[in-house]
Asks: 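Dropping the structure in here first, questions after.
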Amino acid sequence: MAGPATFSAPNSAGGALRVDLGALVANWRLLSTVAAPAMCGAVVKADAYGVGVAKAAPALAAAGCTTFFVATLDEAIELRGLLGPGPTIFMFNGILPGTAEDTHSHGIVPVLNDLGQIEEWHGLASRSDTPLPAALHTDTGMSRLGLPPSEVATLSNEPRRMEGIDLRLVMSHLACAEDPDNPMNEAQLIEFLRQKAALLPGPASLANSSGIFLGAGYHFELVRPGVALYGA
């Protein structure tokens, strides 16, 4: 494990959060066991949910985590500096206008959320004359990020839009997974399967922290725990 087993993260209010990296790693290993044979990534956005990404991410990497998720480009660049070139880093917010070059140069895999982002990444791939890795995020009911069904249909009917894009992951986000009896969970699973079938083949990811405990049908190839890593 990288760094000390525990550390204190002070804040501007004068308090301090005592972080047990051993507990963090144990949580990731437990989630990995529940999700197996699916791979288990780690969401470390927002400074690892306030825990401190500079300590948390290297500890998770040392434990065997090879896939990380952040929200923004600055988070992704910081994480790349912490972890080196090996781990895969996905960026939830995708590429904002004018950021495609920086995203590519730092080895970040953008999560493309709309046709405009797909067009920009496709354009860079064409200029680079080499396939560029990306994930596709589809909206199955969360209504936060992701391609709406109409844009999924456009991609299905116009596959040339994905030329030059190396599709590493198709993903969506569960809205009500913390309530296992909520019918929204099954409705989103059905919609995700429908959308996935309409797109180019690739690994899939649907389960967030609570989604991991909904059962193997929600796991696909990769699960994305966030808040559960940190004790929630």
Side-chain angles (χ1 to χ4, degrees), residues 35 37-41 43 67 69-71 88-97 99-100 103-104 108-126 128 130-177 179-180 182-226:
M39 290 180 59
C40 186
V43 180
T67 303
F69 292 84
V70 295
T88 300
I89 300 174
F90 288 97
M91 183 172 64
F92 280 135
N93 289 3
I95 46 174
L96 299 178
T99 65
T103 300
H104 175 49
I108 309 304
V109 183
V111 178
L112 306 176
N113 291 284
D114 57 49
L115 294 179
Q117 292 186 357
I118 292 169
E119 182 178 356
E120 186 158 357
W121 202 239
H122 165 79
L124 180 59
S126 298
S128 304
T130 184
L132 298 184
L136 284 181
H137 187 173
T138 71
D139 181 17
T140 55
M142 184 73 175
S143 300
R144 185 170 67 184
L145 287 173
L147 286 85
S150 61
E151 293 192 356
V152 172
T154 297
L155 279 187
S156 179
N157 293 328
E158 303 175 24
R160 60 173 180 77
R161 291 175 179 263
M162 291 293 293
E163 290 177 358
I165 295 177
D166 176 11
L167 185 59
R168 298 287 180 87
L169 195 66
V170 178
M171 59 171 282
S172 191
H173 197 287
L174 293 165
C176 304
D179 177 7
N182 195 309
M184 186 68 173
N185 296 320
E186 185 176 2
Q188 284 192 263
L189 175 60
I190 292 170
E191 177 63 10
F192 184 60
L193 289 168
R194 186 192 69 79
Q195 292 181 358
K196 182 177 179 297
L199 297 169
L200 295 174
S205 177
L206 179 62
N208 53 3
S209 289
S210 296
I212 294 171
F213 297 96
L214 293 178
Y218 291 81
H219 292 168
F220 294 93
E221 284 77 29
L222 176 69
V223 299
R224 314 184 310 269

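Small disclaimer: the values here were computed from a predicted structure and weren't measured. Numbering starts at 1 and runs along the sequence shown.
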Asks: Of the non-hydrogen atoms in F192 and S205, which two are nearest, and what is the gap between them?
Replies: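 That closest heavy-atom pairing would be CZ-O, 3.8 Å.
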Asks: Using the side chain to side chain donor-acceptor pair (under 3.5 Å) rule, collect all pairs that involve residues 206-219, keeping only residues at least two apart or in two chains.
Replies: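 Matches after skipping sequence neighbours: none remain.
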Asks: Return the minimal non-hydrogen interatomic distance between G211 and A177, and the atom names on each side.
Replies: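 So the minimum-distance heavy-atom pair works out to N-CB, 3.6 Å.
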Asks: Under the rule for side chain to side chain donor-acceptor pair (under 3.5 Å), what residues qualify as partners of Q117, not counting sequence neighbours?
Replies: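 Here no residue qualifies.
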Asks: Which heavy atom in H122 sits nearest to a heavy atom in E163, and how many Å separate them?
Replies: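 Heavy-atom minimum between the residues: ND1-O, 2.7 Å.
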Asks: How long is the span from the CG atom in L124 to the NE2 atom in H104, to the nearest 0.5 Å?
Replies: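 Here the rounded value is 6.0 Å.
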Asks: Answer yes or no: is there a donor N or O on one side and an acceptor on the other, between the side chain of Q195 and the main chain of D139, under 3.5 Å?
Replies: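 Side chain of Q195 to backbone of D139: a pair is present.
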Asks: Could you measure the distance from the CG atom of L189 to the NZ atom of K196? Nearest 0.5 Å is fine.
Replies: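 With rounding to 0.5 Å, CG (L189) is 11.5 Å from NZ (K196).
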Asks: Donor-acceptor check, side chain of N93 to backbone of M91, threshold 3.5 angstrom: yes or no?
Replies: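 No; zero donor-acceptor contacts below 3.5 Å.
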Asks: Applying side chain to side chain contact (heavy atoms under 4.5 Å, CB included) to V109 and L169, what does each step give before you reach the verdict?
Replies: CA-CA 10 Å; V109 183; L169 195 66; over 6 Å; no
Asks: Can you confirm whether more than 12 heavy atoms, excluding those of E221, are under 6.0 Å from its CD atom?
Replies: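 Counting neighbours around CD of E221, more than 12 heavy atoms of other residues, nucleotides or ligands fall under 6.0 Å, so yes.
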Asks: To the nearest 0.5 Å, tell me how far I89 CD1 sits from I108 CD1.
Replies: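 If we round to the nearest 0.5 Å, I89:CD1 and I108:CD1 are 4.5 Å apart.
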Asks: If you apply the rule side chain to side chain contact (heavy atoms under 4.5 Å, CB included), what do you find for L193 with F220, and how did you get there?
Replies: CA-CA 10 Å; L193 289 168; F220 294 93; 3.7 Å; yes
Asks: According to the interplanar angle, ranging from 0 to 90°, do the rings of F69 and F92 count as parallel (below 30°), tilted (30 to 60°) or perpendicular (above 60°)?
Replies: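 Judged by the thresholds at 30° and 60°, the geometry between F69 and F92 is parallel.
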Asks: Closest heavy-atom contact between H173 and Q188?
Replies: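 Closest approach of H173 to Q188, heavy atoms only: O-NE2, 2.9 Å.
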Asks: Closest approach of G164 and A125, non-hydrogen atoms and distance?
Replies: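 Residues G164 and A125, closest heavy atoms: O-CB, 3.2 Å.
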Asks: Give the table of side-chain donor-acceptor pairs shorter than 3.5 Å for residues 147-154, with sequence neighbours excluded, one pair per line with atom names and distance.
Replies:
unit_1	atom_1	unit_2	atom_2	d
E151	OE1	L115	N	3.2
T154	OG1	S150	O	3.1

Asks: How long is the span from the CE atom in M162 to the CG atom in L199, to the nearest 0.5 Å?
Replies: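 M162 atom CE to L199 atom CG measures 7.5 Å (nearest 0.5 Å).
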Asks: What's the spacing between L206 CG and N185 CG if we round to 0.5 Å?
Replies: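 These two atoms lie 9.0 Å from each other.
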Asks: Under 3.5 Å, is there a donor-acceptor pair between the side chain of T140 and the main chain of E191?
Replies: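 Here the side-chain-to-backbone pair does not exist.
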Asks: What's the shortest heavy-atom distance between I165 and R161, and which atoms?
Replies: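 Closest approach of I165 to R161: CD1-O, 4.1 Å.
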Asks: Sub-3.5 Å donor-acceptor pair from the side chain of T99 to the main-chain atoms of I95, do we have one?
Replies: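 A pair under 3.5 Å: no.
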Asks: Using modelled atom types and a 3.5 Å cut-off, is there a donor and acceptor pairing between side-chain atoms of W121 and backbone atoms of P133?
Replies: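 Answer holds: yes.
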Asks: Does T138 offer a backbone N or O that forms a donor-acceptor pair with the side chain of S172 under 3.5 Å?
Replies: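 Looks like yes, one N/O pair under 3.5 Å.
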Asks: Just how far is it from atom CG of L174 to atom CG of L214, taken to the nearest 0.5 Å?
Replies: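 Taking CG in L174 and CG in L214, the distance rounds to 6.5 Å.
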